Amino acid sequence: MSKQAKTAITPTREENFPEWYQQVIKAADMAENAPTRGCMTVKPYGWAVWENMVNIFDGWLKDYGVQNCSFPMLIPVSFLSKEAEHVDGFAKECAVVTHHRLEADENGALVPAPAAELEEKYVVRPTSETIIGDAMSRWIQSYRDLPLKLNQWCSVLRWEMRTRIFLRTGEFFWHEGHNAFKDHEEAKGDCLHVLDLYEKFFTEYLAVDGFKGVKTPEERFPGANETYCIETMMQDGKGLQACTTHDLGTTFSKTFNIKYQIQEGGEELCHTTSWAFTTRMIGALIMMHGDDDGMVMPPRIAPQQIVVLPVLKGEGDADILAYCSDLAAKLKAKGLRAKVDEREMRTPDKMWDAIKKGIPLRVEVGGREMEEGVVTHVRRDLGRESKTTQSLESFIEGAQGILDAIHEDMLARVRRFRDENTHEAASIEELGAFFAAGKTGFVRMPVAVLDDPALEAVMKEHSLTTRNMPFADEGRSVLIAKAY
RNA sequence: CGGGCUGUAGCGCAGUCUGGUAGCGCGCCUCGUUCGGGACGAGGAGGCCGGAGGUUCGAAUCCUCUCAGCCCGACCA
C-alpha cells in the first residue's frame with residue numbers, strides 16, 4: 001500500500017476549495033507568485049495554454065475584420081481624467097509613473113532622481129479606452145473610415161488589494177478590442193456578435209458554458225451604456241465573469257471627440273465598443289474542470305493532448321522507445337499534439353505528472369503492447385476506469401475521436417453542473433434563506449427584485465452580487481451569486 | 001485601506017516564551033535494487049534564520065523601527 005494520499009491534490013475541493021486551487025496550479029507547474037507584489041509569473045505550461053487561446057481567437061477576430069495594433073503601456077494621466085465616470089472606476093487602482101531616472105541616494109540606494117520628475121505623469125494602463133479613443137479621433141474622418149475595428153494583445157495593470165494567481169493579479173494578460181461605428185445599432189450588434197464569438201470559443205474549445213446576458217446598471221463597466229457578459233459557474237458554486245463586451249455609446253466619443261462626416265455633410269459622434277477576455281480564463285478552466293487529482297485540460301487547448309508513456313523494464317527498452325516514437329510521429333501526422341515521455345523517471349511518477357498536468361489522453365506502451373501491436377490508453381477526465389486496449393492502427397485512426405469525446409463529455413459535465421446548481425427564488429426571504437442554509441450556486445430571481453430596497457441588505461449579508469440578466473430569460477430574471 | 005496572522009534550506013514546518021551560533025519532513029544529487037496508479041536502502045549537497053538598528057561576552061530567540069506575504073472584510077476581469 002502506498003503512503004500517498006488517495007488524491008494527488010491535498011486538500012480536496014470539498015475540504016478547502018481555495019487552497020485546492022492553488023495546489024493544482026503548483027502541481028501542474030502553470031504559474032507562481034512573482035517577486036513583484038500581486039503579480040504572477042506564468043510558467044511555460046501555463047503560458048502554452050494562453051498561447052493556444054490567443055492563436056485560435058486571434059484568427060477569429062481577423063476573420064471579423066479586426067486589425068491588431070499596439071498602443072503605449074503608459075497613458076498620460078490627463079487622458080484618464082477626461083472621462084469622469086471612467087476615472088471613478090479606475091483611478092484608485094492605477095500605478096503611476098512619475099520619474100524617468102534613478103540615482104543613488106546618500107545610503108547608496110537607488111531612488112527616483114528628484115531632478116527627473118516628469119511634468120506629465122503617466123498611469124500604467126489599466127485598460128486603453130482613453131488612449132485608443134484619442135487615436136480614433138484622429139484616425140476617423142469620414143463615414144468611409146467606419147467601422148474601425150482595432151484590437152491589441154497586451155497586459156494591463158490594476159493595483160488590486162487581494163490577488164490570486166490567474167483570477168485576480170496586478171498585471172494580467174488579455175486582448176482588448178476597441179471598435180467604432182456610425183450608430184448605436186451597429187455598435188450594439190458588434191457587442192452581441194463578439195459575445196457570440198466568445199461563447200463559440202468557450203463551448204467549442206474550452207468546454208466551458210455559462211449564462212450569456214446583460215449586466216445590471218451597478219455592475220456595468222465605468223463609462224458604458226450597457227455591459228454584456230458570459231457568467232460561468234465554478235465548482236464551488238461561485239460565479240466568474242468570463243468575458244465582457246461593452247456598448248460605450250458616445251461616452252468616449254464625446255470625451256475624445258471621435259466624430260465622422262456623414263454623406264450629407266454634417267458631423268456625427270461615433271458609437272464605440274470595447275471587449276475582452278483575460279488570463280483569468282485559465283483560472284476558470286482550473287475551477288470548472290479540475291478534480292482532486294489536479295488539472296483536467298480541455299483537449300482542444302491542451303498544450304499536450306496525448307502523452308505516450310513507455311513502460312520500460314530494462315530489456316528491450318530501445319525497441320519499446322522506437323515503437324513509442326513511431327506512434328507519436330503518426331499521431332502528430334494526424335495533427336495531434338502528442339509526445340513521448342522519455343524522461344529518466346519512474347513510470348508511476350510520469351503517470352502522476354501527466355495526471356496533475358491534466359493531459360487529456362495517456363497512452364501506455366510496454367512489452368505486451370509492442371508484441372501484440374496494440375496500445376493501452378486512459379482518459380484523464382474519466383480516470384483508470386476508462387483504460388482501454390486496442391490495436392495500434394485503430395487507435396491512431398480514432399485518437400481524434402477520443403479527444404472529441406473527452407471535449408463533449410467535459411462540456412456536458414459543465415452544463416449539467418451549471419443547471420443543477422442554478423436555483424429559483426421568488427422572494428428576498430427565499431434568497432436569504434438559501435445562502436443562510438450554506439447552499440451554493442446561482443439563484444435566479446424575477447428582475448423586479450432589483451427595485452426592492454430590501455435586497456441590498458440580504459446581498460451584503462451573504463456577500464452576493466448580481467451576475468447578469470440572462471438573454472435566455474428575455475430580461476425577466478436576474479442571477480444572483482457569490483463571485484470571484 | 002481597516003482587523004488578525006506569518007516571515008528559519010527549493011517547498012512545508014519545528015526551534016523563539018526560558019539567549020549559547022540551527023533541526024525535521026518532502027524535494028534535490030550519487031550508488032544499488034525497483035518501475036503497468038505515487039518504491040526502498042545507504043550515502044550526500046543545501047540556510048549570514050525578511051531587512052536595519054539596539055541590549056548582551058554572546059541574538060533565529062529580547063527591544064525598537066521597517067519591509068514583504070497570507071487570511072477576513074470594503075473594491076475589482
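Keep in mind the model is a prediction, meaning the values are calculated, not measured. Throughout, a chain's letter reflects where its sequence line sits, starting with A, and its residues are numbered from 1.
Using C1' as the reference atom, B:rG46 and B:rA22 are 13 Å apart when rounded to the nearest Å. Look at the P atom in both B:rC40 and B:rC48: the space between them is 32 Å, to the nearest Å. Remark: the separation of the P atoms in B:rU56 and B:rU61 is 16 Å, to the nearest Å. Remark: the separation of the P atoms in B:rG12 and B:rU8 is 8 Å, to the nearest Å. The gap from the P atom of B:rC26 to that of B:rC70 amounts to 28 Å, rounded to the nearest Å. Nucleotides B:rC71 and B:rG53 are separated by 31 Å at their C1' atoms, to the nearest Å. A gap of 45 Å separates the P atoms of B:rC17 and B:rC31, to the nearest Å. Straight-line distance between the C1' atoms of B:rG36 and B:rG32: roughly 23 Å, to the nearest whole Å.
B:rG73 is paired with B:rC1 under the Watson-Crick or G-U wobble criterion, all donor-acceptor distances under 3.5 Å. Across all strands shown, B:rA59 forms no Watson-Crick or G-U wobble pair with both key distances under 3.5 Å. The nucleotide B:rA42 finds its pairing partner in B:rU30, both defining distances of the Watson-Crick or G-U wobble pair being shorter than 3.5 Å. Nucleotide B:rA52 forms a pair with B:rU64, judged by Watson-Crick or G-U wobble geometry with both contacts under 3.5 Å. Across all strands shown, B:rG37 forms no Watson-Crick or G-U wobble pair with both key distances under 3.5 Å. The partner of B:rC11 is B:rG25, judged by Watson-Crick or G-U wobble contacts that both fall below 3.5 Å.
Residue A:Met351 places its side chain closer to B:rG36 than to any other of B:rG36, B:rC70, B:rG38. Closest to the side chain of A:Lys92, out of B:rC75, B:rG37, B:rA77, is B:rC75. Among B:rA74, B:rG37, B:rC35, the nucleotide with an atom closest to any side-chain atom of A:Asp293 is B:rG37. Looking at the side chain of A:Lys313, the nearest of the listed nucleotides B:rG36, B:rG38, B:rC75 is B:rG36. Distances from the side chain of A:Arg37 to the nucleotides B:rA68, B:rG37, B:rG36 place B:rA68 closest. Each of B:rG37, B:rG36, B:rA77 was ranked by its minimum atom distance to the side chain of A:Glu364; first place goes to B:rG36. Comparing B:rG36, B:rG38, B:rG37 by their nearest atom to the side chain of A:Arg362 picks out B:rG37. Closest to the side chain of A:Glu369, out of B:rA77, B:rG37, B:rG36, is B:rG36.
Counting non-hydrogen atoms under 4.0 angstrom, A:Thr36 reaches nothing in the nucleic acid. As judged by a 4.0 angstrom heavy-atom cut-off over every strand, A:Lys350 is placed among residues making no nucleic acid contact. Nucleic acid contact for A:Arg164: none, since no nucleic acid atom lies under 4.0 Å from a heavy atom of the residue. At a threshold of 4.0 angstrom between heavy atoms, the contacts of A:Lys215 with the nucleic acid are absent. Among the heavy atoms of the strands lying under 4.0 Å from A:Glu160 is at least one base atom, whether or not backbone atoms are also near. Among the heavy atoms of the strands lying under 4.0 Å from A:Gly367 is at least one base atom, whether or not backbone atoms are also near. Among the protein residues, A:Ile355 comes within range of the nucleic acid bases, having at least one heavy atom under 4.0 Å from a base atom. Residue-level contact check: A:Asp353 touches neither bases nor backbone, having no heavy atom under 4.0 Å from any strand. Using a 4.0 Å heavy-atom criterion, one finds that A:Thr244 contacts no nucleic acid atom at all. Contacts of A:Gly314 with the nucleic acid, taken as non-hydrogen atoms under 4.0 Å apart, are absent.
Relative orientation of the A:Phe277 and A:His175 rings is perpendicular, given thresholds of 30° and 60° on the angle between their planes. Taking the six-membered ring for Trp and thresholds of 30 and 60 degrees, A:Phe252 and A:Phe256 have nearly parallel ring planes, at less than 30 degrees apart. Using cut-offs of 30° and 60° for the angle between ring planes, the A:Tyr198 and A:Phe202 rings count as parallel.
No side-chain N or O of A:Asn16 forms a donor-acceptor pair with one of A:Tyr21 less than 3.5 Å apart. Under 3.5 Å, the side chains of A:Gln152 and A:Ser128 contain a donor-acceptor pair of N or O atoms. Using modelled atom types, one finds no donor on one side chain facing an acceptor on the other under 3.5 Å when comparing A:Thr169 with A:Thr163. A side-chain donor-acceptor contact under 3.5 Å links A:Thr227 and A:His246.
Regarding A:Lys357, its NZ atom lies at a distance of 15 Å from the C1' atom of B:rG38, rounded to whole Å. Nucleotide B:rC75 holds its P atom 15 Å from the NZ atom of A:Lys482, rounded to whole Å. The distance from atom CZ of A:Arg368 to atom P of B:rG36 is 11 Å, rounded to the nearest whole Å. Put simply, CE on A:Met345 is 16 Å from C1' on B:rC29, counting in whole angstrom units. Between A:Lys356 atom NZ and B:rG37 atom P there is a gap of 16 Å when expressed in whole angstrom units. In this structure, A:Leu309 atom CG and B:rG37 atom C1' are separated by 11 Å, rounded to whole Å. To the nearest angstrom, P of B:rG10 lies 17 Å from CG of A:Asp29. Nucleotide B:rG27 holds its P atom 20 Å from the CD atom of A:Glu32, rounded to whole Å.
Stacking of A:Trp174 onto the six-membered ring of B:rA77 is not present when judged by under 5.5 angstrom between centres and under 30° between planes.
Using a cut-off of 4.0 Å between Lys/Arg side-chain N and Asp/Glu carboxylate O, A:Lys356 and A:Asp29 are scored as not salt-bridged.
A residue-by-residue look at A:Gly89 and A:Gly366 shows that A:Gly366 has its nearest nucleotide of RNA chain B further toward the 5' end. The nearest heavy atom of RNA chain B to A:Gln241 and to A:Ile9 marks one nucleotide each, and the one closer to the 5' end goes with A:Ile9.
Rounding to the nearest 0.5 Å places CG of A:Leu392 at 12.0 Å from CE of A:Met370.
For the OP1/OP2 pair of B:rG73 and a distance below 4.0 Å, the side-chain nitrogens and oxygens of A:Arg162 include at least one atom meeting the criterion.
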